[in-house]
Amino acid sequence: MVMNLVSRIKAIRSEIIDFLRELIRTPSTSGDEEAIAKLIVAKMEELGYDHVEIDAVGNVIGVVENASRKTLLYNGHMDTVPPGGMKDPYSAHVLDGEPFGVPGEVVYGRGACDMKGALAAMTMAGGILKREAGFEGHLIITGSVLEEAVESLGSRHLVRNLRLRPDVAVVGEATNMDIAIGHRGVLYPEITVKGKSCHASAPHRGVNALYRMTDVIQEIQKIIPELPQHPFLGKMSMAINTISVIPGALNVVPERCTISVDTRTIPEFGAEDVINLLKKALGKLELDAEVKLMEKQEKCYTGYSECLKKDLPAFYTSPNDRYVQRARRIIAATLDREPSIKPWVFATDSACFSEIGASTFGFGPGDEKFAHTAGDHVRVDDVVDAAVVYAQLASKL
Ligand SMILES: [Zn+2]
C-alpha cells in the first residue's frame with residue numbers, strides 16, 4: 001500500500017503543479033479570497049471529497065472520511081500579501097531554479113511559497129486518499145482567510161465551529177520540508193500619552209505630549225534586555241515602529257502622542273503579561289497615559305465582520321510529542337533524509353489549533369526566506385514530495 005500511495009501521487013505530478021499554477025493565477029490578497037476559495041471547492045468536489053463547504057467567514061472546509069476515531073486537520077491560508085513591485089506576480093511561470101540558488105524547476109508568483117504550494121499539495125493528497133482503499137481516518141483539509149492580517153480571524157472562526165476536534169493539526173506554512181514545532185507570538189500594544197495643546201509660539205502654556213513620549217521610549221528601551229527567553233523559541237523582543245501625534249500641525253503643541261510596540265512573545269508570556277510589564281515601566285514616570293492592545297475591525301469577503309485584538313499567540317509543541325516523533329519517522333522514510341525539528345521565525349495561525357488541544361506542528365514546501373519577497377517561488381519537486389508526505393501522514397499517523 002505504501003508504494004502504491006507514493007506512486008499514485010507521483011503519477012499525478014503534472015496535475016498537482018497545474019492546480020498550483022491555477023491558484024497563483026488567482027489573486028487572493030487578504031479580504032479578497034472569494035475566487036480562490038471557489039477554485040479549491042471545485043477541485044475538492046472534482047476529487048470526490050465526502051463533504052465540502054465554505055463557512056460564514058469564507059474558509060474552505062473539505063472532509064475525506066473513513067471509519068476511524070482519529071481526526072487529522074490540515075490547514076493552509078488562502079490569502080497572500082500584496083504583490084508590491086513584483087514582476088508578473090500572477091504569471092505562475094515554471095522557471096529554472098538557478099537564479100534563486102535552488103536546484104530543479106520552480107513555480108514563480110505571489111503566494112507560491114506562502115503558501116499556495118502547500119494548499120495545492122494538501123488538496124491533491126486528499127483526493128488520492130479518497131480513492132485509496134486502505135485509508136482509515138477522518139481528514140479535514142482547510143483553507144482559511146485573513147491569515148496575513150495578524151488577527152487570525154479565519155482560523156479562529158474555523159476552530160470555534162469544527163464539528164470534530166482534531167487529534168493532530170498540520171499547518172502547511174513553509175518549513176523547507178522540515179518540521180516546525182513552534183514560533184514566537186506577535187502582538188501590538190499601543191501607548192497614548194496625553195498632554196495639553198497650545199499655540200506653538202508660546203509652548204510653555206501647554207504640555208507637549210511628544211516630549212513626554214520620549215521618556216516612555218527610553219523606559220521601554222530599558223526593559224528590552226530584561227525580556228524573558230524560551231529555551232527553544234528564543235528571546236522575546238520589542239520594537240517601537242510607529243509614532244503619531246494629534247493634531248499633527250506644524251504650529252500646534254501636540255495634545256496626544258501614540259506609539260505602537262511590535263512585541264514578539266513566548267508561550268509563558270502573553271498579552272496580559274506584556275500590558276502589565278509596560279504599565280509597570282510607565283508607572284515610574286508621572287504621566288497621563290493609556291496602554292492597550294491594538295484592535296481592528298476585519299471584514300471578510302462574505303460580508304462577515306468582527307473586531308479583533310492584534311494578538312497572534314506563540315505556540316510550542318514538545319519535540320517528544322508522539323505525533324511529532326511519528327511524523328519525523330514517516331517524513332524521513334518518505335524523503336530519504338532526516339528532517340530537522342525547528343522553530344518558525346515568523347508567526348502563523350498554529351496557536352488556534354494547539355489551543356483546542358490538537359498536537360500541532362508545521363510541514364510545508366518552500367523556503368521562508370522567499371516568503372513576502374519579489375522572488376516568491378516554490379520548488380516543483382518539493383510540492384510533489386509534500387503531497388506524498390501529506391498523504392503518508394494521513395494514512396499512517
Ligand atoms: Zn503564511
Side-chain angles (χ1 to χ4, degrees), residues 19-20 22-24 26-47 49-65 71-81 111 114-127 138-166 168-173 296-309 311-313 315 347-358 360 362 364 390 394:
F19 182 51
L20 167 60
E22 244 183 293
L23 294 178
I24 293 173
T26 308
S28 59
T29 49
S30 304
D32 196 13
E33 301 96 341
E34 184 168 10
I36 197 168
K38 285 185 171 160
L39 191 62
I40 295 170
V41 163
K43 179 57 84 177
M44 286 175 166
E45 283 172 347
E46 179 195 318
L47 291 168
Y49 276 46
D50 295 295
H51 177 79
V52 184
E53 67 166 304
I54 292 181
D55 69 13
V57 304
N59 297 314
V60 172
I61 302 162
V63 178
V64 176
E65 57 191 339
T71 299
L72 172 64
L73 182 142
Y74 285 159
N75 174 258
H77 61 84
M78 301 186 290
D79 60 325
T80 72
V81 293
D114 183 12
M115 50 175 292
K116 295 184 174 181
L119 271 177
M122 288 173 171
T123 306
M124 298 305 288
H138 191 103
L139 177 63
I140 308 172
I141 295 177
T142 57
S144 47
V145 297
L146 290 170
E147 189 273 345
E148 300 289 4
V150 183
E151 304 90 10
S152 295
L153 185 151
S155 292
R156 280 186 211 271
H157 183 88
L158 187 71
V159 297
R160 277 201 301 264
N161 294 284
L162 280 175
R163 267 170 291 228
L164 275 173
R165 285 198 164 207
V168 184
V170 181
V171 174
E173 295 268 15
K296 193 172 174 210
Q297 188 75 34
E298 281 294 354
K299 197 162 188 279
C300 306
Y301 73 83
T302 56
Y304 179 95
S305 181
E306 191 176 339
C307 186
L308 287 167
K309 296 198 160 58
D311 175 14
L312 209 59
F315 99 99
T348 72
D349 280 352
S350 298
C352 296
F353 306 103
S354 64
E355 280 170 1
I356 59 163
T360 302
Y390 291 137

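Values in this document were obtained by computation on a predicted structure and should not be read as measured data.
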Interatomic distance, OG1@Thr142 vs CG@Leu158, rounded to 0.5 Å, equals 5.0 Å
CD1 of Ile54 to CD of Glu33, rounded to nearest 0.5 Å, is 11.0 Å
| message | For a side chain to side chain donor-acceptor pair (under 3.5 Å) check, start with the C-alpha distance between Asn75 and Ser144, then their side-chain angles and the critical distance, and finish with the verdict. | response | CA-CA 7 Å; Asn75 174 258; Ser144 47; 3.3 Å; yes
Side-chain donor/acceptor pairs under 3.5 Å, residues 37-47, sequence neighbours excluded:
unit_1, atom_1, unit_2, atom_2, d
Lys38, NZ, Glu34, OE2, 3.1

4.5 Å side-chain heavy-atom contact, Glu173 and Asp114
yes
Any side-chain heavy-atom pair from Leu146 and Glu151 closer than 4.5 angstrom?
-> no
Within the 4.5 Å heavy-atom criterion, are Pro166 and Val159 side-chain neighbours or not? no
Check: Does a salt bridge link Arg163 with Glu53, judged by any charged N lying under 4.0 Å from a carboxylate O?
Finding: yes
Taking the side chain as C-beta and beyond, is there a heavy-atom pair between Glu65 and His138 under 4.5 Å? yes
Val145 side chain reached by Thr302 side chain, heavy atoms, under 4.5 Å: no
For the backbone of Met78 and the side chain of Ser28, can you confirm whether one donor and one acceptor N or O come within less than 3.5 Å of each other?
yes
Distance col, row His157:NE2 vs Cys352:SG, nearest 0.5 angstrom, shows 12.5 Å
May I ask you to decide if Ser152's main-chain N or O and Asp349's side chain share a donor-acceptor pair within less than 3.5 Å?
-> no
Correct closest heavy-atom pair for Met122 and Val171 would be CE-C, 4.5 Å
Note: Cys300 and Val57 closest approach over all heavy atoms is CB-O, 3.4 Å
Report task. Take the angle between the ring planes of Tyr390 and Tyr74 and call it parallel below 30°, perpendicular above 60°, tilted in between. Result -> tilted
Looking only at heavy atoms, the pair that brings Tyr49 and Thr123 closest together is OH-O, 2.7 Å
Value for OG (Ser30) from CD (Glu298), rounded to nearest 0.5 Å, stands at 7.5 Å
Rounded to the nearest 0.5 angstrom, the OH-CG distance for Tyr301 and Asp79 is 11.5 Å
Rounded to the nearest 0.5 angstrom, the CD1-CD1 distance for Ile24 and Ile36 is 9.0 Å
(Q) Set out, in order, the CA-CA distance, both residues' side-chain angles and the distance that settles side chain to side chain donor-acceptor pair (under 3.5 Å) for Thr348 and Glu147, then state yes or no. (A) CA-CA 7 Å; Thr348 72; Glu147 189 273 345; 5.7 Å; no
